[in-house]
Each structure stands twice: as structure tokens, then as C-alpha cells.
Novice: 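Mind having a look at this structure? Questions to follow.
Chain A is the first sequence line, chain B the second, and so forth, proteins listed ahead of strands; every chain is numbered from 1.
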There are 2 protein chains.
Amino acid sequence: MPGPRKWRHRHQRYFERWTAPRESILDLLSRTSKHMSAKEIYAILYRLSPGIGLTTIYRTLDLLVKMGLINKFTIGDGQSRYEFQHEDKKGHHHHVICSKCGKIIDYSDFLEDELELVHKTEKHLSQKYNFKVLGHNIEFYGLCEKCQ
Amino acid sequence: MPGPRKWRHRHQRYFERWTAPRESILDLLSRTSKHMSAKEIYAILYRLSPGIGLTTIYRTLDLLVKMGLINKFTIGDGQSRYEFQHEDKKGHHHHVICSKCGKIIDYSDFLEDELELVHKTEKHLSQKYNFKVLGHNIEFYGLCEKCQ
DNA sequence: ATTGATAATGAAAACCATTTTCAATAACAA
DNA sequence: TTGTTATTGAAAATGGTTTTCATTATCAAT
Ligand SMILES: [Mn+2]
Ligand SMILES: [Mn+2]
Ligand SMILES: [Zn+2]
Ligand SMILES: [Zn+2]
């Protein structure tokens with residue numbers, strides 16, 4: 001765990017106080033490439049500091065999503081999952097999800113082709129429906145090596 | 001409401017008996033372009049026949065998803081949504097979702113470009129990860145005309 | 001460093017979509 | 001028409017997430 005202030009300077013308009021749970025949750029997500037649920041995050045942080053509460057995990061995850069520091073998504077297993085949002089464009093990726101075991105693979109191939117299609121579509125949607133596009137999701141699902 | 005046997009002939013390997021609830025749920029979804037939740041379906045069918053139970057709605061939706069007659073998906077409002085799966089390829093479409101009010105727009109533009117990218121990606125994923133791709137989701141989110 | 005206002009926390013309860021249980025019902029083959 | 005049993009619906013259970021509220025801890029002002 002880094003010093004308790006590593007992330008403090010970012011987006012202070014979203015909060016008044018930067019606390020230990022906020023630091024540790026964001027730190028955990030920033031260090032893993034896993035796509036974690038609130039419960040999984042809680043299980044790990046509870047070991048480090050058993051005083052932490054699951055409620056705080058949920059509240060903090062909401063906050064971090066609003067701040068744009070993490071992404072929230074679902075893979076259909078009944079719980080929300082979260083991943084760190086890397087600043088650089090190189091972090092942009094999509095998901096391949098195994099419908100059976102829930103395994104998630106990040107991939108970021110054909111980003112140029114994808115970007116072209118996405119831009120074209122966004123332009124089209126804003127013109128046709130006056131819809132303001134803020135983001136997109138592209139995911140493939142099927143069976144992973146083990147499950148098929 | 002059509003005769004109680006309109007859908008009966010399809011995929012009989014998935015069930016033993018074709019019942020009134022199954023017929024009415026599939027019939028409802030086949031007639032609407034809305035993306036309905038179990039509760040919404042229940043509310044409508046309850047007016048027609050108050051004997052129906054929400055449990056049966058859920059069970060039947062599961063069955064119809066397994067049969068491939070409907071699609072299940074989520075827009076992040078905490079409940080699953082379902083839509084009829086049209087047989088023809090022309091029914092293929094994606095979703096534009098308003099993050100504020102939950103409005104869903106179906107669109108199916110640039111399908112050729114998209115299909116090309118999707119095929120290329122699927123081939124790549126199956127080679128690189130030995131992943132068997134069974135489907136994909138592409139969705140845009142943002143703010144609809146009213147909400148922005 | 002100390003203090004005070006109050007934002008943030010955590011335990012417990014509430015909420016709510018979905019699933020399970022189980023006795024009653026109804027589809028349909030015989 | 002009848003008997004088997006798949007299916008149903010009400011009620012209870014489940015499980016992820018949110019709300020409540022008294023306590024705690026951050027941090028600006030001293
Ligand atoms: Mn990812
Ligand atoms: Mn649709
Ligand atoms: Zn798998
Ligand atoms: Zn809207």
C-alpha cells in the first residue's frame with residue numbers, strides 16, 4: 001500500500017475528504033488487471049484492515065465511477081464488476097466473456113478499424129436521434145478454452 | 001392474442017407441454033419492439049389473466065432464452081430486459097442507451113462495416129485464445145435528446 | 001498541536017430482483 | 001375420459017445493493 005495520499009489530488013470536486021478506504025480501494029484496482037466485484041474487493045481489503053465495511057466499498061466504488069477513475073460493468077453473473085480506467089488511450093480495450101465460467105479476456109486489437117466504425121456510428125446517431133454519445137461497449141461472448 | 005398454439009411447434013425438445021403462459025409471454029414479446037423487464041411483462045399479462053404468477057414469467061423467460069427465441073440483456077437499471085429475436089438477419093441490431101432515463105434506441109446502420117470488423121475479431125480471438133465466439137454485443141451510451 | 005464542524009464510516013436493517021419450495025393444477029398421451 | 005406428471009402460483013428464501021443512523025475521523029481554523 002502506498003502513502004495514503006497517492007490519489008488525493010485527483011478530482012477533489014467530488015469529495016471533501018480523502019480517506020483510507022478510498023485510497024485502498026482505488027489502489028487495489030489500479031494494481032490489478034482483474035475485473036473485481038464489491039465482495040471480492042471487500043474480501044481482500046478485509047484481510048489488510050478488518051475494520052472496513054462492505055457498505056463503504058459500495059459507496060466508494062460509486063464515487064470512483066462518478067469520478068471517472070474506474071469503470072463499472074456486468075458480465076451477467078448477478079453482480080457488478082469494476083476495473084481501473086487507465087488514462088492513456090492505450091488502455092482502451094474490450095472484453096471477451098466466457099458464458100460458462102465467467103472468465104474475462106481483455107483485448108485491444110483492431111482498435112483503428114473499430115475507432116473508425118465507432119466514430120462513424122456516433123456521428124450518425126447524433127444526427128439521426130440527436131443523441132449525445134458518451135461511450136461504447138463492445139463485447140464478445142462464448143466459450144473459453146477450458147469450457148468448450 | 002392468437003390461438004394458443006401459434007408457437008408450439010418450435011423447439012419442442014426444450015419442453016414437454018406448451019402452456020397458456022408460455023404462449024402469451026412469447027406472443028407479447030413478438031408483438032412489441034420494447035425491451036421489457038419481467039415485472040413489466042407481468043403487469044401487462046396480469047390485466048389479461050390475473051391468475052398468472054411472476055414466478056412463471058421468470059421461468060418462461062429463462063426457457064425462451066434457452067430456446068433462442070428471445071434475448072436477455074441489461075441496461076444497468078438493476079433488472080434484466082428481454083426482446084424478441086427475429087429470425088431473419090435483418091433483425092440484427094444494436095442499442096443506444098440513455099444513461100439517465102434508460103431509453104433504448106435500436107439501430108442497424110453500418111452493419112456491413114460492423115460485420116467485417118466482427119468477423120475479423122472473432123477469427124483473431126479464436127486463434128489467439130482458442131475462444132469459441134458465440135455472439136457479440138455492441139452498445140453506445142450517453143444522453144438522449146430529452147436528457148441532455 | 002488542538003479543536004470543532006461535519007463528511008465519511010460501519011453495523012444492522014431494509015430493499016428489491018430473482019430463485020427456490022411445495023402443494024395444487026392442467027396438458028396431453030393413452 | 002383418465003392418469004401421469006410437467007407446470008404453475010403463492011409464499012418464503014436468497015443475495016446483491018442501498019438506506020439508516022449513531023459513531024468516528026478528516027482537515028480547516030485556531
Ligand atoms: Mn477489462
Ligand atoms: Mn433491441
Ligand atoms: Zn470458461
Ligand atoms: Zn434519456
Side-chain angles (χ1 to χ4, degrees), chain A residues 3-26 35-67 70 72-82 102, chain B residues 3-26 35-67 70 72-82 102:
Chain A
R5 319 266 127 130
K6 183 177 175 192
W7 302 103
R8 191 183 184 186
H9 65 289
R10 295 231 256 159
H11 301 261
Q12 289 208 348
R13 68 194 160 101
Y14 288 98
F15 55 82
E16 299 284 332
R17 300 171 185 177
W18 190 243
T19 63
R22 290 173 181 183
E23 178 71 22
S24 61
I25 291 166
L26 186 53
H35 307 81
M36 305 185 79
S37 69
K39 286 265 182 73
E40 290 169 350
I41 294 168
Y42 174 70
I44 289 174
L45 295 185
Y46 184 85
R47 264 180 251 128
L48 301 177
S49 43
I52 202 166
L54 181 56
T55 309
T56 298
I57 307 285
Y58 278 109
R59 280 190 294 230
T60 302
L61 288 170
D62 282 351
L63 175 71
L64 297 175
V65 168
K66 282 201 193 85
M67 291 169 69
I70 64 175
K72 179 182 185 174
F73 65 98
T74 177
I75 62 166
D77 65 342
Q79 56 198 316
S80 295
R81 296 191 169 271
Y82 303 85
Chain B
R5 320 267 126 131
K6 183 176 176 194
W7 302 102
R8 190 183 186 186
H9 65 289
R10 294 230 256 160
H11 295 86
Q12 288 207 350
R13 68 192 161 104
Y14 288 99
F15 54 82
E16 299 284 332
R17 301 170 185 178
W18 190 243
T19 63
R22 289 173 181 183
E23 177 72 22
S24 60
I25 291 167
L26 185 53
H35 307 80
M36 306 184 79
S37 68
K39 285 265 182 74
E40 290 168 351
I41 294 169
Y42 175 70
I44 289 175
L45 295 184
Y46 183 85
R47 263 181 250 128
L48 301 177
S49 43
I52 202 167
L54 181 56
T55 308
T56 299
I57 308 285
Y58 278 109
R59 279 189 292 229
T60 302
L61 289 170
D62 282 351
L63 176 70
L64 297 175
V65 168
K66 282 201 194 85
M67 290 169 69
I70 64 174
K72 178 181 186 176
F73 65 97
T74 178
I75 62 167
D77 66 341
Q79 55 197 314
S80 295
R81 296 190 170 272
Y82 303 85

Novice: Quick one: A/Asp77 CG to C/dT19 C1', roughly how many Å, whole number?
Specialist: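 My rounded result for the distance is 16 Å.
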Novice: Is the phosphate of C/dT19 approached by B/Tyr58 (side-chain N or O, under 4.0 Å from OP1 or OP2)?
Specialist: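 Answer no for this pair, as no side-chain N or O of B/Tyr58 is under 4.0 Å from OP1 or OP2.
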Novice: To the nearest angstrom, how far is B/Ile52 atom CD1 from D/dA10 atom C1'?
Specialist: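 Going from B/Ile52 (CD1) to D/dA10 (C1'), I get 14 Å.
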Novice: Side chain of B/Trp18 only, heavy atoms from C-beta on: which candidate in C/dA17, C/dT9, C/dC28 is closest?
Specialist: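 Minimum distance to the B/Trp18 side chain belongs to C/dC28.
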Novice: What's the CD1-P distance between A/Ile25 and C/dT9, to the nearest Å?
Specialist: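 From A/Ile25 CD1 to C/dT9 P: 8 Å.
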Novice: Need one value for B/Ser37: base, sugar-phosphate or nothing, where a base atom within 4.0 Å counts as base even if backbone is also close, heavy atoms only.
Specialist: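 No contact.
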Novice: With no angle test and no hydrogens, is the base of D/dA6 tied to the side chain of B/Arg17 by a donor-acceptor pair under 3.5 Å?
Specialist: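 Donor-acceptor pair under 3.5 Å: yes.
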Novice: Report yes or no: does B/Ser49 contribute a side-chain atom to a donor-acceptor pair with the main-chain N or O of B/Gly51 at less than 3.5 Å?
Specialist: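 Checking the backbone N and O of B/Gly51 against the side chain of B/Ser49, no donor-acceptor pair under 3.5 Å is found.
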Novice: Round to a whole Å and report the spacing from NZ of B/Lys72 to P of C/dT19.
Specialist: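 To the nearest whole Å, that distance equals 6 Å.
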Novice: Does A/Arg81 use its side chain to pair, donor to acceptor, with the backbone of A/Phe73 at less than 3.5 Å?
Specialist: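 No, because the side chain of A/Arg81 does not come within donor-acceptor range (under 3.5 Å) of the backbone of A/Phe73.
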Novice: Could you check B/Thr60 against A/Leu54 and say which one's nearest nucleotide on DNA chain D is further toward the 5' end?
Specialist: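 Taking each residue's closest nucleotide, the earlier one in sequence belongs to B/Thr60.
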Novice: Just so I know, are the side chains of A/Leu54 and A/Tyr58 near enough to count as touching, which here means a heavy-atom distance under 4.5 Å?
Specialist: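 SC-SC contact between A/Leu54 and A/Tyr58 confirmed.
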Novice: To the nearest angstrom, how far is A/Glu16 atom CD from C/dT9 atom P?
Specialist: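 One finds 12 Å between P of C/dT9 and CD of A/Glu16, rounded.
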Novice: Whole angstrom is fine here: how far is it from CZ in B/Phe15 over to C1' in D/dT8?
Specialist: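 So the two atoms are 16 Å apart, to the nearest Å.
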Novice: Determine yes or no for a side-chain-to-main-chain donor-acceptor pair under 3.5 angstrom, with A/Ser24 supplying the side chain and A/Pro21 the backbone.
Specialist: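 Yes, the answer is positive, given that a donor and an acceptor are paired below the 3.5 Å cut-off.
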Novice: In whole angstroms, how far is the P atom of D/dG9 from the CG atom of B/Leu61?
Specialist: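 Distance check: B/Leu61 CG to D/dG9 P gives 13 Å.
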Novice: Closer than 4.0 Å, any side-chain N/O of B/Thr56 to the OP1 or OP2 of D/dT7?
Specialist: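 Answer is no, no contact under 4.0 Å.
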Novice: With no angle test and no hydrogens, is the base of C/dA26 tied to the side chain of B/Thr19 by a donor-acceptor pair under 3.5 Å?
Specialist: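 When only heavy-atom distances are counted, B/Thr19 does not reach the base of C/dA26 through any donor-acceptor pair under 3.5 Å.
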Novice: For B/Ile57 and D/dT8, what is the distance between atoms CD1 and C1' respectively, to the nearest whole Å?
Specialist: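 One finds 11 Å between C1' of D/dT8 and CD1 of B/Ile57, rounded.
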Novice: Within the modelled atom types, does a donor on one side and an acceptor on the other bring the side chain of B/Arg59 and the base of D/dT7 under 3.5 Å apart?
Specialist: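 No, the side chain and the base share no sub-3.5 Å donor-acceptor pair.
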Novice: When you check the phosphate oxygens OP1 and OP2 of D/dG9, does a side-chain N or O of B/Thr55 lie under 4.0 Å from one of them?
Specialist: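 For D/dG9, OP1/OP2 do not have a side-chain N/O of B/Thr55 under 4.0 Å.
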Novice: Are the side chain of A/Arg22 and the backbone N or O of A/Leu61 linked by a donor-acceptor pair below 3.5 Å?
Specialist: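 No, because the side chain of A/Arg22 does not come within donor-acceptor range (under 3.5 Å) of the backbone of A/Leu61.
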